Structures are given as structure tokens and as C-alpha cells.
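Each ligand, and each atom within it, is numbered from 1 in the order the structure gives. Because only heavy atoms are used, hydrogens play no part in the values below, and waters and symmetry mates are left out as well, while side chains stay in. Remember, predicted model here, so these are calculated numbers, not experimental data.
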Amino acid sequence: MALIEWTDDFSVGVEVFDDDHKILIGMINELHEALNEGRGLDLVEDIFDRLEDYTNTHLASEESLMKSTGYAGYEEHKLAHEDWIKKLQEFKDKYQNEELILADVAMNQFLHSWLVDHIRGVDLLYKDHFKEKGYT
Ligand code: FEO
């Protein structure tokens with residue numbers, strides 16, 4: 001069973017960013033499944049690496065469009081991104097240092113809240129701005 005299911009209330013109103021978020025959700029679910037099935041360390045680390053890479057690409061896209069369209073919350077959102085990627089890196093380090101065991105409930109809680117809290121708590125704040133700018 002997937003850890004996170006996409007629903008319309010995740011939509012930030014910009015298709016390209018919704019698509020990115022769907023891909024990130026897919027990676028989180030893939031990671032969750034690999035951890036729960038006790039899959040090999042190499043596979044789990046590969047998914048973590050891909051998640052980190054795609055997250056960085058997505059953050060750069062959001063920041064670029066926020067900046068070019070004069071989004072008032074740009075600086076605050078950028079700081080939230082720095083914190084967001086740092087949390088992922090710290091979590092990956094904890095996993096690699098075996099401070100968290102496979103399928104630990106903390107792992108699932110982190111993966112879920114790491115993504116959902118950012119989309120719902122930070123990304124949705126730009127929805128009206130991009131709508132006013134004509135993005136869909
Ligand atoms: Fe969708 Fe602000 O990351």
C-alpha cells in the first residue's frame with residue numbers, strides 16, 4: 001500500500017509543479033516499499049539519491065518561476081527549501097549511519113510529513129500568485 005496517495009487538494013495550480021510533486025510522491029512510495037520489504041542497502045541508497053536529485057531540480061524550477069514573476073514570498077520560500085533539502089540529507093545520513101532501522105515508524109512518519117507538510121504548508125501559499133499570473 002502506498003504511503004502517500006495524490007489527491008486534488010495537493011494541487012498548487014501549476015501543472016508542471018503538480019507533475020513534479022507526483023514524481024516525488026512516487027519516489028517516496030518507492031522508498032517506503034523498499035524499506036518495508038527490507039530491500040538491499042544499494043537500492044535504498046539509489047532511491048534516496050534520486051529523490052535528492054529530483055528534489056533539487058524541482059526546487060530550482062519553483063524558485064526560478066517565483067523570482068521571475070515577482071512572488072512576494074520568494075525569500076521565505078527559498079529559506080524553507082534550504083531547510084527542506086537539509087532535512088532530507090540529515091535523514092539520509094541517519095539512515096546510512098544506522099541510527100534508524102529499516103521500516104522504523106519514524107522513517108515512515110518522516111517521509112510522509114517531509115513532503116506533505118511542505119506542499120500543503122508552503123507551496124500552496126503561491127497558488128493564488130501564479131493563478132493571478134495566468135499559470136495553470
Ligand atoms: Fe514544491 Fe516548494 O517545493
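- Not one N/O/S atom of H58, from backbone or side chain, sits under 2.8 Å from atom 2 (Fe) of ligand 1.
- Take atom 2 (Fe) of ligand 1 as the corner point: the lines to NE2 of H118 and to OD1 of D123 open at 80°, to the nearest 10 degrees.
- The closest side-chain heavy-atom distance from T136 to E15 is not below 4.5 Å.
- Looking only at N/O/S atoms, H21 comes nearest to atom 1 (Fe) of ligand 1 through NE2.
- E62 contributes atom OE1 as its closest N/O/S atom to atom 2 (Fe) of ligand 1.
- Closest non-hydrogen pair, F110 versus K87, comes out as CZ-O, 3.7 Å.
- A 6.0 Å sphere centred on CD of E76 holds no more than 12 heavy atoms belonging to other residues, nucleotides or ligands.
- No hydrogens or angles considered: nothing links the side chains of D117 and H112 as a donor-acceptor pair under 3.5 Å.
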